[in-house]
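First up is the structure itself, then whatever we jot down about it.
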There are 2 protein chains.
Amino acid sequence: MHGPEASPCTAHTTVTEEVSSDVVSIKDVAEAAGLSVATVSRALNGQSAVSDTARAKVLSAAESLGYRPNVVARSLRTDRTRTIGLVISDVLNPYFTELARSVEEEARALGYSVIIGNADERAELEAHHVRSLLERRIDGLLVSPADGHSPLTLDAAEGPTPLVFVDRWIPGCDAPVVRADGRGAIRDLVAHLYGLGHRRLAIITGPAATTTGRERVEAFRAALSELGLSLPESHVGQGDFQAESGRLATERFLDLPERPDAVFATDNLMALGALNAIRVRGLSVPDDIGLAAFDDIPWFPHTAPPITTIAQPTAALGRVAVRALADLISGGPAQSTVLPAHLLVRRSCGEPETSAPTGGATRE
Amino acid sequence: MHGPEASPCTAHTTVTEEVSSDVVSIKDVAEAAGLSVATVSRALNGQSAVSDTARAKVLSAAESLGYRPNVVARSLRTDRTRTIGLVISDVLNPYFTELARSVEEEARALGYSVIIGNADERAELEAHHVRSLLERRIDGLLVSPADGHSPLTLDAAEGPTPLVFVDRWIPGCDAPVVRADGRGAIRDLVAHLYGLGHRRLAIITGPAATTTGRERVEAFRAALSELGLSLPESHVGQGDFQAESGRLATERFLDLPERPDAVFATDNLMALGALNAIRVRGLSVPDDIGLAAFDDIPWFPHTAPPITTIAQPTAALGRVAVRALADLISGGPAQSTVLPAHLLVRRSCGEPETSAPTGGATRE
DNA sequence: GTGCACCGTGGAAACGATTACATGATTGGA
DNA sequence: TCCAATCATGTAATCGTTTCCACGGTGCAC
């Protein structure tokens with residue numbers, strides 16, 4: 001905001017004079033400049049008219065005193081914190097990490113700071129963070145609800161603080177939603193598996209309480225039935241988007257009298273767990289069983305074998321969500337956005353027909 | 001803090017009466033309870049003596065009005081925000097993600113919120129976050145400096161705000177440091193490589209401006225010389241802890257007339273890049289070249305082959321750092337801590353002599 | 001019965017900024 | 001020359017809390 005005016009390296013050596021004075025306020029600057037606090041405030045914020053001489057005096061006084069505005073006081077007065085909250089389901093999930101990073105980047109570009117709350121896929125932690133962020137009087141909230149029924153989040157969505165759902169949402173809320181649509185890509189994936197000769201397909205789902213969890217299994221089921229394939233209950237493993245649940249579900253698949261030809265893990269962590277379970281049995285991917293995932297992460301090209309997956313435009317989602325929220329904050333209309341996900345064919349479901357690229361890390 | 005007094009699910013359904021009233025302050029509560037704001041404040045904070053009847057009136061009024069304290073105002077008055085800042089070098093690096101997670105967890109347990117700043121290994125971004133966090137009047141700062149010479153960070157370390165370095169530090173600052181010592185584990189690694197018959201060893205280093213970058217290459221060099229091995233300049237690849245630099249350095253190694261027997265990538269992202277470069281050449285790990293890394297992440301057991309690495313006690317580092325900072329904030333002494341890292345032998349450097357465990361994901 | 005300690009409560013002053021309004025000076029046009 | 005408009009500046013209210021201090025009342029000890 002202030003621009004890089006000060007030369008980078010002199011700060012530490014030259015400002016040794018202003019020791020002892022604990023913290024300098026606008027009052028101290030006013031005193032040093034021989035002006036009122038009102039003028040100092042105006043000069044620093046540069047919005048109202050201030051004479052050049054006064055501005056110069058203020059700037060030099062502020063500089064030599066090492067003045068740093070107290071945003072706590074400013075926020076109290078202006079009722080704006082220039083901060084947005086981001087509540088995500090699991091920081092350890094690289095998908096959300098990338099989302100958080102792009103959110104922070106875009107927010108910074110727009111002059112906002114971001115406070116991240118990690119719900120760890122637990123409803124009560126999500127509630128804690130939502131409450132804590134609201135008390136902090138953030139200007140807006142970005143939420144990817146771990147639990148579809150969290151009353152506190154529901155309240156927040158209908159309260160005065162602008163809120164945008166990202167990735168997941170709560171049906172029935174009128175808050176805008178920014179998300180990826182995986183349906184098309186899932187149909188492509190199923191067609192890919194079918195083309196490779198796989199007929200007995202299985203899926204590891206996310207929590208039914210999440211929209212993404214439901215969407216992925218429904219799209220999978222629909223795509224199967226279009227091809228005349230059935231999805232028996234034994235081929236549906238209930239997961240929770242964490243690695244351990246992927247491992248357990250896969251073990252059950254492998255215990256079946258006729259094991260599936262291929263398994264679709266609906267996020268990257270459960271795919272990790274599935275890989276783990278398969279490897280422990282001494283089985284091979286894709287010869288003994290195929291594996292596909294949702295979410296692309298930098299490691300997928302480097303596992304053995306490289307993993308076929310559905311990639312979301314994660315960074316774009318974060319950027320769009322922040323812009324939607326910023327618009328909402330400045331009184332604009334609610335804007336929802338849906339971006340398409342797409343299939344990345346690698347080698348974990350069998351050798352692809354064409355010479356597909358193995359796909360490097362898709363870090364943009 | 002407040003304890004889970006309210007029943008979890010009634011909130012959304014019962015509080016529909018208090019619509020319209022934009023935001024309710026302590027003044028409104030006082031009015032509703034027929035008491036002064038001073039008494040309401042005391043009742044809510046439960047520190048000073050308040051009669052039982054008054055307390056009951058306050059609590060019921062606050063509940064029915066849906067009162068939420070304004071922490072901005074509170075912070076202005078008390079000069080404490082119950083918030084700590086965490087500035088890390090790269091959120092996309094799973095090591096720092098795990099660190100951030102454990103920091104947030106421990107901080108929450110101690111009643112603090114955490115604001116994370118991602119420096120992206122760029123000095124000016126680090127400065128931006130440090131400045132922004134200080135203006136926000138956080139109670140304390142946890143920093144893993146991307147750049148060893150950032151004047152702003154240096155100032156902060158000597159300023160009034162308590163600061164603890166975590167992972168990396170700035171030599172010469174008297175702020176406490178919480179970090180892992182990789183020297184012992186690096187010596188173990190070199191012995192392991194030597195035992196497998198590798199003699200021409202190479203290293204991909206981190207930025208020389210970081211303490212961890214320097215420590216790892218120095219320890220490696222020392223361990224080599226103890227065994228009578230040399231480390232020619234051609235076997236030292238300058239990296240920056242990001243994947244791309246690992247790829248480039250490895251390509252140069254592979255272009256050498258005599259390529260190294262094994263490469264040690266000093267963080268997990270550069271190991272990813274190295275793996276990429278090796279695979280593109282159609283070479284095999286460990287048959288054509290061995291690969292070892294620093295930092296264990298959940299994917300390492302699942303790459304082809306599983307990667308031998310040095311694991312840091314990451315979660316413990318985060319916890320200890322938060323506790324050290326909290327102590328500092330409450331006026332305690334500066335406490336530095338060094339925890340040991342240790343070698344995890346897998347298969348990326350050659351078949352180990354003994355039947356070592358392949359090592360599951362070491363998520364604790 | 002008087003004095004003293006204590007307890008619950010309210011009034012009011014902070015905290016550090018922004019900003020509506022007032023004020024004095026300057027300027028321009030008639 | 002005078003009035004009004006403009007401009008730079010200062011005064012003071014305000015945001016929502018916490019907390020110091022004063023005050024009246026009660027109970028206990030003398």
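Naming: A, B, ... by sequence-line order, numbering from 1 per chain.
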Under 4.0 Å between a Lys/Arg side-chain N and an Asp/Glu carboxylate O for A:Arg131 and A:Glu135?
no

Among D:dT9, D:dT19, D:dT17, which is the nearest nucleotide to the side chain of B:Ala38?
D:dT19

Side chain to side chain contact (heavy atoms under 4.5 Å, CB included), that's the test. Do B:Arg137 and A:Asn70 meet it? Break it down for me.
CA-CA 7 Å; B:Arg137 298 302 199 264; A:Asn70 183 330; 3.7 Å; yes

Starting from C1' on C:dA13, measure out to CG on B:Asp79 and report it in whole angstrom.
17 Å

Hey, mind stepping through B:Leu125 and B:Asn118 against side chain to side chain contact (heavy atoms under 4.5 Å, CB included) and telling me if it holds?
CA-CA 8 Å; B:Leu125 249 189; B:Asn118 173 33; 5.9 Å; no

Rounded to whole Å, how long is the line connecting atom CZ of A:Arg136 with atom C1' of D:dT17?
15 Å

Report yes if at least one side-chain N or O of A:Ser75 is closer than 4.0 Å to OP1 or OP2 of C:dA17; otherwise report no.
no

Side-chain N or O of A:Ser25 versus OP1/OP2 of C:dG16: is the shortest distance under 4.0 Å?
no

5' precedence on DNA chain C between B:Leu76 and B:Arg42 (nearest-nucleotide basis):
B:Arg42

Nearest whole Å is fine: how far is D:dT18 P from B:Leu44 CG?
8 Å

If you compare every side-chain N and O of A:Asn70 against the phosphate oxygens of C:dC15 (OP1, OP2), does one of them come in below 4.0 Å?
no

Given C:dT18, is OP1 or OP2 found less than 4.0 Å from the side-chain N or O atoms of A:Ser41?
yes

N or O in side chain of B:Thr39 less than 4.0 angstrom from C:dT9 OP1/OP2
no

What nucleic acid atoms does B:Val50 come within less than 4.0 Å of, heavy atoms only: base, sugar-phosphate, or nothing?
sugar-phosphate

Does either side chain, that of B:His129 or that of A:Glu104, offer a donor lying less than 3.5 Å from an acceptor on the other one?
yes

A:Leu35 side chain: which of C:dT9, D:dG10, C:dT18 is closest?
D:dG10

For B:Arg77 and for B:Ser51, locate the closest nucleotide of DNA chain C by heavy-atom distance; then report the residue assigned to the nucleotide nearer the 5' terminus.
B:Ser51

